[in-house]
Amino acid sequence: MTADSRKNERYNAREAEPRWQKIWDEREIFATRNDDPQPKYYVLEMFPYPSGRIHMGHVRNYTMGDVVARYKRAMGLNVLHPMGWDAFGMPAENAAMERKVHPKAWTYDNIATMKSQLQSMGLSLDWAREIATCDPGYYKHQQKMFLDFLKSGLVERKQSKVNWDPVDHTVLANEQVIDGRGWRSGALVEQRELTQWFFKISDYAQDLLAAIDTLDRWPEKVRLMQRNWIGRSEGLLVRFALDSNTTPNGESELDIFTTRHDTLFGAKFMALSPDHPLAAAAAAKNPALTEFIAECKRTGTAQELIDKAEKQGFDTGMKAIHPFDPSWKLPVYVANFILMDYGTGAIFGCPAHDQRDLDFVNKYSLGATAVVCPEGQDPKTFVITDIAYDGDGRMINSRFLDSMTIAQAKEEVARRLEKQIRGNRPVGERQINYRLRDWGISRQRYWGCPIPVIHCDTCGVVPVHEKDLPVRLPEDVDFDRPGNPLDRHPTWKSVTCPKCAKPARRETDTMDTFVDSSWYFARFTDPWIASAPTDRKMVDAWLPVDQYIGGIEHAILHLLYSRFFTRAMRATKHVGMDEPFAGLFTQGMVVHETYRRKGGDYVTPAEVKVEGAEGSRHATLIATGEPIEIGGIEKMSKSKRNTVDPDDIIATYGADTARWFMLSDSPPERDVNWTEDRVQGAARFVQRLWRLCGEVAEISKSAPAKSPVEFGTAAVVVRKAAHGALAKVSQEIDKLHFNVCVAHIYELANALGDSIGEIGSESDITSDFAWAAREAADILVQLFHPMMPHLAEECWAVLGHKTLVSVQPWPQVEPGLLIEDTITLPVQVNGKKRADVTVSRDAGNADIEAAVLMLDPVKRALEGKTPKKVIVVPQRIVNVVA
RNA sequence: GCCCCUGUGGCGGAAUUGGUAGACGCGCCAGACUCAAAAUCUGGUGGUGGCAACAUCGUGCUGGUUCGACUCCGGCCAGGGGCACCA
């Protein structure tokens, strides 16, 4: 190809990208060998749910992971970068109901589509390790681990509430309950108690909490969210005596949990959850209370409703006795703001120091006595009316606690109540409570991993024999009727009991899909082993994942469940570590402007033409020319129709342009706004790099094979730019600051282009410059290779290399080029910049000071005054203080 | 309600973590090439004043610490996110 013919040629991504993908594939350069002796690096992006097609969020997520994978590979590490499918879940069953396709067929079709989409992005994935969680070869091992967990006491069955649709006779997920009604039937949803399977994650509450401190490469935000979710609180369990003359069945005791036992002398009432057994007992003899409790339950569980609901209570007539004063009786209420799930489902109310309690007593005129007085306040005048005081202070109105700090008072109360014995137990016990509840994994659905147990009338719950795993999903199921197809399957349920051989029934619940995604990262380390979930040697060598990348929406459940599951796997000897993800990165969303017609219907960006500069932008519908209203920038979603299809972008501009766009400008943790202008900017840069490499290829024909001994000024300028960019990009890519890397790559391209532009004619090209330009172009291509790998291969070939840039080691910085002989320091007078001073790199402070005071702008700014002092910050700045 | 994050030109954002605010990109303006357009290239582009050198203001608002503050501290405002009426 001659230089002239190339000049007008454009880089054709549509032709080049599949070509390079094929070459990578044929040479298997992204296949990871488990026996590679290099140090390992495991980079993983959250695997997708096969919903149908990939979206721009996937493009962003997987591009970031791919940059890391390619960079770490170039750094000489043995990189594991696998991909799989979170393939079980409700949408497959919904599709089955709506479109009469089998969930399996629907899922595998989607996987095929999405796989080819991902492949068109040029991701450096090891597809040989592909996993689909709906594959019996995967869920077999999950069932095995369930049985191991069961044996180790990590699983239990217990009653729990579910949303029950009385018309469809089916259990609904929270998302299927809309305004208290079933999404399909529209029937009012009922709360029902079912016996369900649970993983005992709460056993690990303390460990999961404490270990958050060790996750120093996780975002602080996620760590905080997990801490709050686990919700540890230290308090006191207090057994209040009840006046048994006032209780329905002579009950004589009420357990409460409190973290504010210091305020015990401010108590005004006791309150029970509407779900509390004692409330139920009292209600049995009191129709009005029954009605009140029913009313509370009708309020629903939706957060918003509860938030807005007024604090309400019902006086049961029961009396509790103050633990420090037998003559002090407290009324016992049932109150709508007490949760049965937390603590003991009962509290004592101290209105002066808890806003909820204060709102409550103000409604029922029970009064409020302040028992904590803020420092500096006069206790005599300190009263509480509308706003509770929850700050620090000294105890007042509290008998033997008076004048103590809160901490001292808590200690004193705990000590006294621990010693006070009633029956055989102390009245007070120090207790630590967690908000974290056990993980209910039972789902009454078809498209999930079957729970491998058998129910026998004689033997009870019997685990399936390991040799009988997997318990496979039957394929001949129908979705004509609501409810669980497994439950109504004619034969699947019927088995013989493994213990007594009598007829028995299979468990028809399947597992929560969060179970599937709680160990896939471990399976990737050896997805071929058939005899066990993991190969201990492999899994222990590869885990933890060095860099995990995904959406913030998984900050709590997926990540916390995975942390628990890894601990459970360790307890059952399937892995040798506690924490699955050493580094976590949560990327921002992809957002886009919204467009709607006059009528209010949203229209897609593809249907709209936007014109005009910022401020005077207006849009029209391409088909009809009708004006379109430009709306806000929002997360890409089907409902807002503001999505851009990755396939369209790749077909129009190529994968590299899409990838480059995703990495440019916006910091990866923030939202990125997809705009047509910026996509075109990215596409332009692709062409510019292509032309630039062509020019350098032409110039470098006159380059010597070996590095010249001496370099002229022009060559040194280019070399400094190249090595400077190399140093910066290497540093920023490690911190995942891709947008900053992009900026430095632009700078290098600009610098190299400028240098070439300054050459008058071809005969002016010196051999040292030719060599330097060639070196700079090589570095440039290697720097953008992780981001735009196809273009990089193409440019690499144009530059005359016979190798693949994808397998090149990362270039080495020549440190000497980063050090300047002279440095230019900004000079400030009283903190305002007035001049620059250029001095030799090793100039002493006295020399710099002298040089600075000679500068005209400095003299002018000083107005003849003598400076009080001159601050010289080495290699940084000079400040003259007048 | 509580907690967290963010706030920098027309826009996305950068700033070596206390040391030249606005890198880089987008957009816009002017010019070159062209019959013309696209593409490409060159130059300009925070506000105000000035022909200019330059001056002056400027990182949500407001105080403070400092030789020096986008960066640290106090108070406020706005936007976004999370959540637990959690005793």
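Numbers restart at 1 for each chain; the letters A, B, ... are given by sequence-line order, proteins then strands.
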Interatomic distance, A/Gln731 CD vs B/A15 P [rounded to whole Å]: 10 Å
Any side-chain donor near an acceptor of the partner, A/Lys268 and A/Thr369, under 3.5 Å: yes
Nearest-nucleotide pick for A/Asn228, side chain only, options being B/A87, B/C3, B/C24: B/C3
Separation of A/Ile745 CD1 from A/Asn750 CG (nearest 0.5 Å): 12.0 Å
Proximal nucleotide (of B/U20, B/A55, B/U6) relative to the A/Arg860 side chain: B/A55
A/Gln355 side chain vs A/Ala388 backbone, donor-acceptor pair below 3.5 Å: yes
Spacing of A/Leu278 atom CG and A/Met318 atom CE [to the nearest 0.5 Å]: 4.0 Å
Interatomic distance, A/His737 NE2 vs B/U16 C1' [rounded to whole Å]: 13 Å
Stretch residues 256-269 of chain A: residues that reach within less than 4.0 Å of RNA chain B through a heavy atom: A/Phe257, A/Thr258, A/Thr259, A/Arg260
Would you tabulate the side-chain donor-acceptor contacts of residues 658-668 of chain A under 3.5 Å, counting partners in other chains and residues two or more places apart, or write 'none'?
unit_1, atom_1, unit_2, atom_2, d
A/Arg659, NE, A/Met787, O, 2.9
A/Arg659, NH1, A/Asp66, OD2, 3.0
A/Arg659, NH1, A/Met121, O, 3.0
A/Arg659, NH1, A/Gly122, O, 3.3
A/Arg659, NH2, A/Asp66, OD2, 2.7
A/Arg659, NH2, A/Pro786, O, 3.0
A/Ser664, OG, A/Trp660, O, 2.6
A/Asp665, OD2, A/Arg678, NE, 3.1

Polar contact flag, side-chain donor to acceptor under 3.5 angstrom, A/Asn228-A/Arg223: no
Ring centroid separation A/Phe269 to A/Tyr364 under 6.0 Å: no
For A/Asp856, salt bridge (Lys or Arg N to Asp or Glu O under 4.0 Å) partners two or more places apart: none
A/Asn739, nearest nucleotide to its side chain (from B/A87, B/G13, B/C83): B/G13
Chi-angle category of B/G82 [syn within 90° of 0, anti beyond]: anti
Proximity to the side chain of A/Arg834 - top-ranked nucleotide from B/A55, B/G19, B/A15: B/A55
Chi-angle category of B/U8 [syn within 90° of 0, anti beyond]: anti
Minimum-distance nucleotide to A/Ala743 side chain [options: B/A23, B/C54, B/G12]: B/A23
Out of B/C24, B/U20, B/U17, whichever nucleotide has its closest atom nearest the side chain of A/Pro826: B/U20
Nucleotide of B/G25, B/A84, B/A21 approaching A/Arg435 most closely (side-chain heavy atoms): B/A84
Criterion side chain to side chain donor-acceptor pair (under 3.5 Å) on A/Gln206 and A/Arg232, from CA distance to verdict: CA-CA 8 Å; A/Gln206 181 55 42; A/Arg232 177 191 157 106; 2.4 Å; yes
A/Gln828 side chain to A/Arg834 backbone, donor-acceptor under 3.5 Å: no
Approximate separation, where rounding is to 0.5 Å, of A/Trp690 CH2 and A/Leu791 CG: 8.0 Å
Side-chain donor-acceptor contact under 3.5 Å, A/Thr259 with A/Ser233: no
Selected nucleotide, minimal atom distance to A/Lys832 side chain, candidates B/A21, B/G25, B/U56: B/U56
Nucleotide of B/C54, B/G81, B/A14 approaching A/Lys221 most closely (side-chain heavy atoms): B/G81
Polar side-chain atom of A/Tyr653 near backbone of A/Asp656 as donor-acceptor pair, under 3.5 Å: no
Distance test, side-chain N/O of A/Ser664 to OP1/OP2 of B/C24, below 4.0 Å: no
Test item: A/Gln687 side-chain N/O and A/Tyr11 main-chain N/O as donor-acceptor pair under 3.5 Å: yes
Closest-nucleotide 5' rank along RNA chain B - winner of A/Ile347 and A/Pro857: A/Pro857
A/Arg876 side chain near B/U16 phosphate (N/O to OP1/OP2, under 4.0 Å): no
So which protein N/O to nucleotides 67-73 of chain B N/O distances come out below 3.5 Å?
unit_1, atom_1, unit_2, atom_2, d
B/C67, O2', A/Asn879, ND2, 3.2
B/C67, O2, A/Asn879, ND2, 2.6

Contact under 4.0 Å: A/Tyr746 side-chain N or O vs B/G25 OP1/OP2: no
Pairs under 3.5 Å (N/O, protein and nucleotides 39-47 of chain B):
unit_1, atom_1, unit_2, atom_2, d
B/U40, O3', A/Arg691, NH2, 3.3

Side chain A/Asp357, main chain A/Cys350, donor-acceptor under 3.5 Å: yes
RNA chain B stem ranges, 3 or more consecutive Watson-Crick or G-U pairs under 3.5 angstrom: B:1-7 with B:77-83, B:10-12 with B:24-26, B:27-32 with B:40-45, B:46-49 with B:54-57, B:60-64 with B:72-76
Per A/Lys833 side chain, nearest of listed nucleotides B/G7, B/G19, B/A21: B/A21
